[in-house]
S.K.: 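Sharing a structure, written as structure tokens. Questions coming.
All figures in this text were calculated on a predicted structure; none of them were measured in a lab.
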Amino acid sequence: MQEQTVRTERNLTQLRERHLAETDWLAAHLEDLNLRVVDVRGDVRTQTEPDGYQTAEYLGRRNAYEPAHIPGAVYLDWTTDLVDENDPVPAQAAPPEKLAALLTKLGLGDGALIVAYDDHPANQFATRFWWLLRYYGHDSVRVLNGGWKKWTTEGHPVTAAPSTPSPMPFTPKVDPQWRKTAEEVRNLLGDAGSVPGVTLVDARDEGQFTGRVRRGVRGGHIPGAINVPREGLVGPDRTFADAETLRAALTSAGLPLDELRRELKREVIAYCNGGVASTTVLFALSLLGHSRLSNYDGSWNEWNQREELPVEAETRQAASTHGMGQ
């Protein structure tokens, strides 16, 4: 039993090292030849009206990057660089050709160890980039634990100097397991809203999950989903907790981790509004060793608009009163 415990702890330590870059480690390795640092600072600016209707504006933060960033870091705008601008659903994953051209130009290629950071309380833009790279077959990617806030609080170096990376070929190799479509999620729903063999996780806040706050015509959640708000997975210093604490947080939120572990075929599909906050949940689960993970990229931005798709705890508002939110 003791040997098994030691082996489990060793595995969790290795998983943590493959997922997270600690600030002290990054500061000591900034000159490594194969290291690439990516600044993905961004924002989602929301406004909620008295009746619960909420609008959201998706914003990049290049204006924050240019005066101060981690030395050597390149900037990627999550609202333009990393999305499919031809998709009517906002913020969908960039197609492989677009992403390959951009990442190759910026030196974020197949041989690079990539560390991503942002300044979001739940690291959701960094985890979104982590998910996007995993979806395209690049596993050598980490999230800076605590992000920009922890880096600057600890007094690590920053610069305004522009980065001039040498190109490095990025070869996208799509792993379809990582991304789900609305049709795939709908086909998994049982007659009573259950999802056999799947745990469906809504990473939005409680107000949006219940429908008290809504973006678009319909409020509520996908039938059978459990609510695991991504804010509960990080501490006040924006770092991911140790495995035991993280596991307790996920379990208390209603995610059946023991059941997932026993049933090796059971899959977790996460969603939010635009497939971004959901990646924080997926990252936390991957950090604990769970591997059957998918992101419903269209999320509520898409599901809400399609009247043929079922909703629980639904509240309605006439489309003539409010347009579709993002």
S.K.: Do F283 and W130 make the cut of ring centroids closer than 6.0 angstrom?
M.R.: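 Yes, ring centres under 6.0 Å apart.
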S.K.: Between OG1 of T171 and CG of D110, what distance do you get to the nearest 0.5 Å?
M.R.: 3.5 Å
S.K.: Applying a strict under-4.5 Å side-chain criterion to I, L, V, M, F, W and Y, I'd like to know whether I226 and V213 cluster together.
M.R.: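 Per the 4.5 Å side-chain linkage, I226 and V213 are not co-clustered.
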S.K.: For the CD atom of Q208 and the OG1 atom of T210, what is their distance to the nearest 0.5 Å?
M.R.: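 Rounded to the nearest 0.5 Å, the CD-OG1 separation comes out at 9.0 Å.
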S.K.: Measuring centre to centre across the rings, with the benzene-like ring taken for any Trp, is Y136 within less than 6.0 Å of F170?
M.R.: no
S.K.: Are the side chain of R218 and the backbone of N304 linked by a donor-acceptor contact shorter than 3.5 Å?
M.R.: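 Between the backbone of N304 and the side chain of R218 there is a qualifying donor-acceptor contact (under 3.5 Å).
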S.K.: Taking L113 as the starting point, is it possible to reach V38 by hopping between hydrophobic residues whose side chains are less than 4.5 Å apart?
M.R.: no
S.K.: Could you tell me whether a side-chain N or O of S294 sits under 3.5 Å from a main-chain N or O of Q177, the two making a donor and an acceptor?
M.R.: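 It does hold such a pair.
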S.K.: Between N301 and S299, does a side chain to side chain donor-acceptor pair (under 3.5 Å) hold up when you go through it step by step?
M.R.: CA-CA 6 Å; N301 283 340; S299 285; over 6 Å; no
S.K.: Could you check whether any side-chain N or O of D242 sits under 3.5 Å from a backbone N or O of T245, counting only pairs where one atom can act as donor and the other as acceptor?
M.R.: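 Checked: pair present.
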S.K.: Verify, without hydrogens or angle tests, whether R62 (side chain) and D77 (backbone) share a donor-acceptor contact under 3.5 angstrom.
M.R.: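 No, R62 side chain to D77 backbone: no donor-acceptor pair under 3.5 Å.
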S.K.: Step by step, work out the side-chain contact (heavy atoms from CB on, under 4.5 Å) result for K149 and D119.
M.R.: CA-CA 6 Å; K149 181 179 181 180; D119 59 356; 5.8 Å; no
S.K.: Please determine whether residues Y117 and V74 belong to a single hydrophobic cluster, defined as Ile, Leu, Val, Met, Phe, Trp and Tyr linked transitively by side-chain heavy-atom distances below 4.5 Å.
M.R.: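 No.
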S.K.: Test R247 against L288 for side-chain contact (heavy atoms from CB on, under 4.5 Å), laying out the working first.
M.R.: CA-CA 8 Å; R247 182 181 175 86; L288 294 176; 4.2 Å; yes
S.K.: Between F129 and W78, is any pair of side-chain heavy atoms under 4.5 Å apart?
M.R.: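 No, their side chains stay 4.5 Å or more apart.
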S.K.: Taking the six-membered ring of W300, is NZ or CZ of R215 closer than 6.0 Å to its centre and within 45° of its axis?
M.R.: no
S.K.: Are side-chain heavy atoms of N227 and E206 found at a separation under 4.5 Å?
M.R.: yes
S.K.: Would you say that W303 contacts H221 through its side chain, given a criterion of any heavy-atom pair below 4.5 Å between the two side chains?
M.R.: no
S.K.: Measuring from atom CG of L309 to atom CD1 of I222, what distance do you get when rounded to the nearest 0.5 angstrom?
M.R.: 8.0 Å
S.K.: Is a donor on one side and an acceptor on the other found under 3.5 Å between the side chain of D118 and the backbone of F125?
M.R.: yes
S.K.: Give a yes or no on whether K150 atom NZ has more than 12 heavy-atom contacts from other residues, nucleotides or ligands under 6.0 Å away.
M.R.: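 Counting neighbours around NZ of K150, more than 12 heavy atoms of other residues, nucleotides or ligands fall under 6.0 Å, so yes.
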S.K.: Rounded to the nearest 0.5 Å, how far apart are CD1 of I269 and NZ of K180?
M.R.: 5.0 Å
S.K.: What distance do E22 atom CD and H29 atom NE2 have between them, rounded to the nearest 0.5 Å?
M.R.: 12.5 Å
S.K.: Report the C-alpha distance between L20 and T239 in whole Å, list the side-chain angles of each, state the deciding distance to 0.1 Å, and finish with yes or no for side-chain contact (heavy atoms from CB on, under 4.5 Å).
M.R.: CA-CA 10 Å; L20 290 167; T239 62; over 6 Å; no
S.K.: Has the side chain of T104 got a donor or acceptor atom that lies under 3.5 Å from a matching backbone atom of A101?
M.R.: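 A pair under 3.5 Å: no.
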S.K.: D32 side chain to N34 main-chain N or O, any donor-acceptor pair under 3.5 Å?
M.R.: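 No; judged by distance alone, with no hydrogens or angles, the pair does not exist.
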S.K.: Can a donor-acceptor pair be found, under 3.5 Å and without considering hydrogens, that links the side chain of T46 to the backbone of A56?
M.R.: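 Side chain of T46 to backbone of A56: no pair is present.
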S.K.: Please check if atom CD in E231 has more than 12 non-hydrogen atoms from other residues, nucleotides or ligands closer than 6.0 Å.
M.R.: yes
S.K.: When you measure from the side chain of H120 to the backbone N and O of A277, does any donor-acceptor pair fall under 3.5 Å?
M.R.: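 Absent.
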S.K.: Side chains of L133 and L103, heavy atoms from C-beta outward: is any pair under 4.5 Å?
M.R.: yes
S.K.: May I ask you to check whether T279 and Q124 show a side-chain donor-acceptor distance below 3.5 Å?
M.R.: no
S.K.: Which residue is it: D39, L132, L99, L108? I am looking for the one with a side chain to side chain contact (heavy atoms under 4.5 Å, CB included) to L76.
M.R.: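 It is L108, the one option of D39, L132, L99, L108 that forms the side chain to side chain contact (heavy atoms under 4.5 Å, CB included) with L76.
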S.K.: If you draw the axis of the six-membered ring of W148, does the NZ or CZ of R61 fall within 45° of it and under 6.0 Å from the ring centre?
M.R.: no
S.K.: Under a single-linkage definition using a 4.5 Å side-chain heavy-atom cutoff for Ile, Leu, Val, Met, Phe, Trp and Tyr, are V228 and L293 assigned to the same hydrophobic cluster?
M.R.: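 V228 clusters together with L293.
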S.K.: For a quick check under 3.5 Å, do D175 and Y135 share a side-chain donor-acceptor pair by atom type?
M.R.: no
S.K.: Please check if the side chain of R36 supplies one atom and the backbone of L33 the other of a donor-acceptor pair under 3.5 Å.
M.R.: yes
S.K.: Kindly work out whether a path of hydrophobic side-chain contacts (I/L/V/M/F/W/Y, heavy atoms less than 4.5 Å apart) joins Y53 to F209.
M.R.: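 No, no single cluster joins them.
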S.K.: Exactly one of N295, L82, T280 should register a side chain to side chain contact (heavy atoms under 4.5 Å, CB included) with R128. Which one does?
M.R.: N295
S.K.: Passes side chain to side chain donor-acceptor pair (under 3.5 Å), E302 versus Y296? Steps please.
M.R.: CA-CA 10 Å; E302 178 182 27; Y296 168 32; 2.9 Å; yes
